[in-house]
Amino acid sequence: MRRVRRHLLTWGRANVRDFPWRSETDPWLTLVAEMLLQRTRAAQVEPVFREVRERYPAAADLVRAGPDAAAAMTARLGIHWRGPLLYRLAETVHANGGVPPESPGALRAITGVGPYTAAAWLSLHRGRRAVIVDSNVARWLSRMTGRPYHRDPHGVRWLYDLAGRLTPARAYRDYNLAVLDFTMAICTPRAPSCPVCPLRRDCVYGRTRMDADTHHAR
DNA sequence: ATCCCGGATT
DNA sequence: AATCCGGGAT
């Protein structure tokens, strides 16, 4: 447990990537970024985020610009229903004094903000410890433990327990960033890079694979 | 439980 | 060409 955490943090120090939203501190802009990142690659989000930051640096700016402006932002990301969602988000934030609510309940009450987005925003941008359990984490921890993988982590108790025990009390931001990038770069859905994985010795799946390689090698 | 949508992987 | 993948709503 402790070793897994340490290895991830070490890996993260060398490999966590820098995106404009990761160094952004404005609560409105960072929540917009998290919403845009849903089911969307970071490379696609990057230019759109820059444009939002440029044109709508405050929620009030997007409210003033109107629903069509919001739709224009999300159109390039291909998921049309996020346009109205983004506009409603702007209205909600504007009505809340320009800053999104930070209580998990009020945050989750926003349409378009689910468990992942709430946890990511709070832990990465608001200095609140939150445990991220998305399908990437589900895949990673399923391999680690050898337990069956449920793509939808909803209701899988052991997942939440384990993820919660792994998430540090203090270094949760660095840890969550490391997990996000690690599951995208190393513990990938199809062909995970076990040979270079810092966790392969702590991982049921990784050990199995390395053993297989040993037997095949001469 | 199913749908959305476009990119990645095979 | 076909399949897989993902966060959230319903």
Can you check whether A:H80 has a side-chain N or O nearer than 4.0 Å to OP1 or OP2 of B:dC5?
-> yes

Count the heavy atoms belonging to other residues, nucleotides or ligands that lie under 6.0 Å from CZ of A:R207, then report whether that count exceeds 12.
-> yes

Using 4.0 Å as the upper bound for N to carboxylate O, is an ion pair formed by A:D181 and A:R22?
-> yes

In terms of side-chain geometry, is the basic nitrogen of A:E54 or A:R50 positioned less than 4.0 Å from the acidic oxygen of its partner?
-> no

Can you pull the contact range of chain A along DNA chain C, 5' to 3', using atoms under 4.0 angstrom from its heavy atoms?
-> C:dT3 to C:dA9

A:H125 pairs by side chain to side chain donor-acceptor pair (under 3.5 Å) with which of A:E24, A:R173, A:E34?
-> A:E34

Between A:L77 and A:A191, the residue closer to the 5' end of DNA chain B by nearest nucleotide is A:L77

Just how far, in rounded Å, is P of B:dC3 from CZ of A:R151?
-> 12 Å

Want to settle it: does A:T117 or A:P189 sit nearer the 5' end of DNA chain C, counting the closest nucleotide to each?
-> A:P189

Protein-nucleotide distance (A:M35, atom CE; B:dC4, atom C1'), rounded to Å | 16 Å

Would you mind classifying the nucleic acid contact of A:D152 as base, sugar-phosphate or nothing, using non-hydrogen atoms under 4.0 angstrom?
-> nothing

Along DNA chain B (nearest heavy atom to each residue), the more 5'-positioned of A:R76 and A:R39 = A:R39

Between B:dC3 (P) and A:I79 (CD1): distance, integer Å | 17 Å

Is any side-chain N of the basic residue among A:R55 and A:D61 closer than 4.0 Å to the acidic one's carboxylate O?
-> no

Any luck finding a side-chain donor-acceptor pair between A:R88 and A:T111 under 3.5 Å?
-> yes

Could you tell me whether A:I110 contacts a base, only the sugar-phosphate backbone, or nothing, with contacts defined as non-hydrogen atoms closer than 4.0 Å?
-> sugar-phosphate

So what does A:R139 hit on the nucleic acid, given a heavy-atom distance under 4.0 Å: a base, only sugar-phosphate, or nothing?
-> sugar-phosphate

Can A:T188 and A:R139 be counted as having a side-chain donor-acceptor contact under 3.5 angstrom?
-> no

Within the structure shown, what part of the strands sits under 4.0 Å from A:T111 by heavy-atom distance: base, sugar-phosphate, or nothing?
-> sugar-phosphate

Which part of the nucleic acid does A:R41 contact within heavy-atom distance under 4.0 Å: base, sugar-phosphate only, or nothing?
-> sugar-phosphate

